[in-house]
Protein chains: 2
Amino acid sequence: MVLLGLLSHEPMSGYDLKASIEQTVGQFWRESYGQIYPALKALEAQGCVRGEDQLQGGRRRRVYTLLEAGRARLRGWLAEPPESTSVRNELLLKVFFGRMTAPDVIRGHLQASLQQARQAVGHTDATVAMLQAEGADDPQLPYWLLTLDLGRRVAEARAEWAQHALAVLHAQEETGS
Amino acid sequence: MVLLGLLSHEPMSGYDLKASIEQTVGQFWRESYGQIYPALKALEAQGCVRGEDQLQGGRRRRVYTLLEAGRARLRGWLAEPPESTSVRNELLLKVFFGRMTAPDVIRGHLQASLQQARQAVGHTDATVAMLQAEGADDPQLPYWLLTLDLGRRVAEARAEWAQHALAVLHAQEETGS
DNA sequence: TGCACCATGTAATTAGTTACATGATTAC
DNA sequence: GTAATCATGTAACTAATTACATGGTGCA
């Protein structure tokens, strides 16, 4: 579905799609070539996309175009209620079992997580600024900004939590538990 | 690792472990029987846990106890930097491709998401209250509360974002885009 | 000449869910 | 007696990553 969605913007190759996924929805969605190429073949067999080989010198590029059937399928999928996100957070699991190890171990993970979260906030701000500067007319833009906004809010929440958690663990050690 | 961690508290069966995972780390970690039972066998073969059959009437229960090798392995794992959480958020993907469908479709998803987030906040608050009432001495408690606190912060961020997103989409329709 | 990047694909492996099969116990 | 829950496991399937294999282009 992410392939159909991106192809609705412009025709692209599998390679382009991978790069495009990373640039646009990379914050909350990832795909590997091992899934993209077979999926494109399947979508072509189902009549959702059309693939055409382009030859530039000796280099072959197979560019896929979204067909009406694919557009319909994408709309159908968009209307379905989103499935619950697969939840797996190794950091939280390690924090949960924190009493099994030295306090420094968990604090180290929290420090790293704090830095990551701050970087994510900064990166999101930069992306928002760039997008607003260059493509003020793109009809996709408001939706893209919304996804970035959630990313930013969650990253901020994580940063604040990491600071709070560090403070709690510090205080706990003081009182000699 | 989640099995070793929970067994560090008390010996349990595979069935107990599944229930325990749901009650404690369920907000950010899930396992199915299809993984738990084979994993316990593997951990026993590696000497990390010891399994003993208990017979209560005609019902068999295989209770696993954490061994020193398992404890060491758990500590080793805790010291490793946590791997990046697998990110896949279908709601955000649908919001991102929102321009491909009617505004009401996305608003419906956002409304549902808002309700879910509010429920999560309430559920977390209830759990925190319950934990603080019953087990003020448990050495695991502070760590557990920290994981709940992140869950709450993230749920609140999601709720606020959903409201914001609904407002944005509403305004956008007004201005006739 | 060699490296980084463009470009496509397959195979092997691992991870994970779901469905199925079985049977005992407890509470209504 | 019958439904819910306790309890353990396997098999089939699906999803997903990683490694491998191949070869072209552009540039320093």
Is [X] near enough to [N] that one of its side-chain N or O atoms lies under 4.0 angstrom from OP1 or OP2?
X     : N      : value
B:R59 : C:dT26 : no
A:R62 : C:dG9  : no
A:Q35 : D:dT17 : yes
B:R88 : D:dA16 : yes
B:Y37 : D:dT8  : yes
A:S13 : C:dC6  : no
A:Y15 : C:dC6  : yes

Toward the 5' end of DNA chain C, by each residue's nearest nucleotide, A:Q56 or A:K41: A:Q56
Between A:E31 and A:W29, a side-chain donor and acceptor under 3.5 Å: yes
Spacing of B:Y143 atom OH and B:L148 atom CG [to the nearest 0.5 Å]: 15.0 Å
Rounded interatomic separation in angstrom, taking CD from A:E52 and P from C:dT8: 14 Å
Interatomic distance where CD belongs to B:E22 and C1' belongs to D:dC6 [whole Å]: 14 Å
Test: B:D53 and B:R61 ion pair at under 4.0 Å: no
DNA chain D: 5'-proximal contact among A:E31 and A:G57 (nearest heavy atom): A:E31
Hey, does [X] reach any base, or is it just sugar-phosphate, or nothing, if we go heavy atoms under 4.0 Å?
X     : result
B:G14 : sugar-phosphate
A:R30 : nothing
B:R61 : sugar-phosphate

Check against side chain to side chain donor-acceptor pair (under 3.5 Å), B:Q54 and B:R59: CA-CA 8 Å; B:Q54 288 180 356; B:R59 180 144 69 186; over 6 Å; no
